[in-house]
> 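Input: one structure, supplied below.
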Amino acid sequence: MKSQHRKLPTPTPSVSTATLLLLPLALLAAVLMVVYPNEFALQSSLAGAGCPDGANGISVAAHHVVAQAAPDFRLLMGVLTLPSRYERRHLLRTVYALQQANLTARVDVRFFFCRIESDEQRLLVALEAMRYGDVVELDCPENMDNGKTHSYFSSVPALFSDGAYDFVMKADDDTFFRLPQLAESLGRAPREDLYYGCMVPCDYVRGWNEYMSGMGYVISWDLVEWIVAAADQIRNHTVGPEDRTLYSWFSGAGKAKNRVDVKPAMYDFPQRGAPCAHELVPDTIAVHRLKNNLRWSTTLRYFNFTAGLQPSKFYRFV
């Protein structure tokens with residue numbers, strides 16, 4: 001006789017039995033989610049970040065691009081300086097970089113000087129160019145009032161793409177600009193035929209031959225293009241105080257009719273005998289004649305410039 005083997009029926013757990021088995025696991029998972037919530041988020045992000053999207057292997061994460069709002073305007077801040085002033089350029093880089101956060105305008109700071117003559121300066125400036133990329137050597141002999149400003153403005157359109165900026169500034173390297181205040185003021189100014197700055201003389205109203213102080217003035221892009229186009233007209237009129245000379249070009253051609261004088265928000269550092277000087281004030285846009293580190297530190301301290309510095313065990317000056 002063949003033996004018969006019967007399959008015994010597998011017992012099915014009752015609902016109550018399944019509940020008792022799963023309940024501890026559910027409780028354990030809940031505890032882990034509460035105690036280590038970030039661990040689960042981290043695992044999820046890591047699992048998705050490396051997954052290729054299609055045959056080209058581009059990750060999904062690469063498709064998430066943060067949209068940036070267009071700036072209110074674009075300003076080229078050209079600081080005219082000398083090749084040897086390494087320390088001053090480093091200071092200016094620092095104070096302007098620290099003001100870039102939350103600016104609604106785009107402000108690009110560049111340092112302009114004429115031809116470098118010494119091997120020492122050529123090497124040290126080359127290090128700045130490698131590290132920061134913000135120095136520009138103009139094709140002119142180094143000078144202050146013998147055509148340097150003309151070389152600067154006439155070179156800008158060729159150096160930068162057409163229409164790259166709405167405004168172009170010429171600034172001295174002993175002038176400190178407060179970028180948020182400058183952006184707020186300049187944002188209300190006309191975009192064409194603009195001549196913006198601190199009009200001099202400061203101590204009386206002349207009514208004629210009034211021009212923007214060389215401490216720092218702004219002109220609109222169309223005036224920069226006009227300077228290039230009028231090269232033959234103004235080439236022999238580039239010698240003399242650079243700020244007054246620039247005004248003479250505009251005055252003779254009927255240009256720069258939109259004049260914006262922001263005195264007393266732009267002024268010289270407090271000192272005797274300087275008509276454009278007065279005490280530091282809260283609504284300042286620019287302070288000029290910061291000829292030494294004492295004046296720089298006095299000015300920056302007044303505006304509480306280091307307020308964002310956090311305490312640290314590595315220094316004690318907070």
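All values reported here derive from a predicted model rather than from experimental measurement.
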> One pair to check against salt bridge (charged side-chain N to carboxylate O under 4.0 Å, His left out): K257 and E192. What are the steps and the verdict?
CA-CA 9 Å; K257 292 181 179 179; E192 294 183 351; over 6 Å; no

> Is any side-chain heavy atom of I227 closer than 4.5 Å to one of I234?
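A side-chain contact exists here, since the closest heavy-atom pair is under 4.5 Å.
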
> Going by salt bridge (charged side-chain N to carboxylate O under 4.0 Å, His left out), name the pairs with one or both residues in residues 145-156, residues two or more places apart or in two chains.
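Residue pairs passing salt bridge (charged side-chain N to carboxylate O under 4.0 Å, His left out), neighbours aside: E142-K148.
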
> Side chains of D166 and W221: closer than 4.5 Å at any heavy-atom pair?
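Contact flag for D166/W221 side chains = no.
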
> In this structure, are over 12 heavy atoms from other groups packed under 6.0 Å from D119 atom CG?
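Check fails, neighbour count at 12 or below.
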
> In terms of ring plane angle, is the pair Y211 and Y247 parallel, tilted or perpendicular, where the classes change at 30° and 60°?
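Tilted: the ring planes of Y211 and Y247 meet at 30° to 60°.
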
> Answer with yes or no whether the side chains of E242 and N146 bring together a donor and an acceptor at under 3.5 Å.
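No.
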
> Going through the checks in order, is the salt bridge (charged side-chain N to carboxylate O under 4.0 Å, His left out) test met by D108 and R106?
CA-CA 7 Å; D108 293 342; R106 172 182 164 187; 2.8 Å; yes

> Measuring from L246:CG to T238:OG1, what's the distance to the nearest 0.5 Å?
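L246 CG to T238 OG1: 11.5 Å, rounded to 0.5 Å.
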
> Can you list every pair that meets salt bridge (charged side-chain N to carboxylate O under 4.0 Å, His left out) and has a residue in residues 226-240, with sequence neighbours left out?
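Salt bridge (charged side-chain N to carboxylate O under 4.0 Å, His left out) check on residues 226-240 returns D232-R235.
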
> Does H288 reach the side chain of M266, with side-chain heavy atoms less than 4.5 Å apart?
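No, side chains not in contact.
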
> Does E137 come within less than 4.0 Å of R122, counting only side-chain N to carboxylate O?
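Yes, E137 and R122 are salt-bridged.
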
> Set out, in order, the CA-CA distance, both residues' side-chain angles and the distance that settles salt bridge (charged side-chain N to carboxylate O under 4.0 Å, His left out) for K170 and D172, then state yes or no.
CA-CA 7 Å; K170 174 267 166 183; D172 287 348; 2.7 Å; yes

> Checking ring pair (Phe, Tyr, Trp, His ring centres under 6.0 Å) for the pair Y217/Y196: CA distance, chi angles, key distance, verdict?
CA-CA 6 Å; Y217 50 76; Y196 171 106; over 10 Å; no

> Looking at every non-hydrogen atom in both residues, tell me the closest pair between F305 and F176 and how far apart they are.
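Taking F305 first and F176 second, the nearest heavy atoms are CE1-CZ, 4.0 Å.
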
> Between Y132 and R93, is there a cation-pi geometry (under 6.0 Å to ring centre, at most 45° from the normal)?
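Output yes; distance and angle both within limits.
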
> Do NZ/NE/NH1/NH2 and the carboxylate oxygens of E128 and R89 come within less than 4.0 Å?
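Salt bridge: yes.
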
> If the test is salt bridge (charged side-chain N to carboxylate O under 4.0 Å, His left out), which one of R85, K291, R110 qualifies with D173?
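Among R85, K291, R110, the one meeting salt bridge (charged side-chain N to carboxylate O under 4.0 Å, His left out) with D173 is R85.
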
> Please set out all donor-acceptor pairs under 3.5 angstrom arising from side-chain atoms of residues 248-255, sequence neighbours excluded.
| residue | atom | partner | partner atom | Å |
| --- | --- | --- | --- | --- |
| S248 | OG | T245 | O | 2.5 |
| W249 | NE1 | H237 | O | 2.7 |

> Any disulfide (SG to SG under 2.5 Å) involving residues 84-147? Give me the pairs, sequence neighbours left out, ordered by first then second residue.
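The answer is C114-C140.
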
> Enumerate the disulfide (SG to SG under 2.5 Å) contacts for residues 209-244, please, sequence neighbours excluded, ordered by first and then second residue.
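Applying disulfide (SG to SG under 2.5 Å) to every pair that reaches into residues 209-244, excluding sequence neighbours, yields nothing.
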
> Does Y96 reach the side chain of L179, with side-chain heavy atoms less than 4.5 Å apart?
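Result yes, sub-4.5 Å side-chain heavy-atom pair found.
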
> Are the side chains of W296 and R88 in contact, using a 4.5 Å heavy-atom criterion?
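Yes, close enough: below the 4.5 Å cut-off.
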
> Excluding sequence neighbours, so at least two apart, what forms ring pair (Phe, Tyr, Trp, His ring centres under 6.0 Å) with F112?
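F112: ring pair (Phe, Tyr, Trp, His ring centres under 6.0 Å) contacts with Y152.
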
> Are more than 12 heavy atoms from other residues, nucleotides or ligands located less than 6.0 Å from atom CD of Q271?
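Count over threshold, so yes.
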
> Just so I know, are the side chains of R295 and T298 near enough to count as touching, which here means a heavy-atom distance under 4.5 Å?
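A side-chain contact is absent here, since even the closest heavy-atom pair is not under 4.5 Å.
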
> Hey, are the side chains of V218 and L186 touching, using non-hydrogen atoms and a 4.5 Å cut-off?
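Contact flag for V218/L186 side chains = yes.
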
> Under 3.5 Å, is there a donor-acceptor pair between the side chain of S213 and the main chain of M215?
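Present.
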
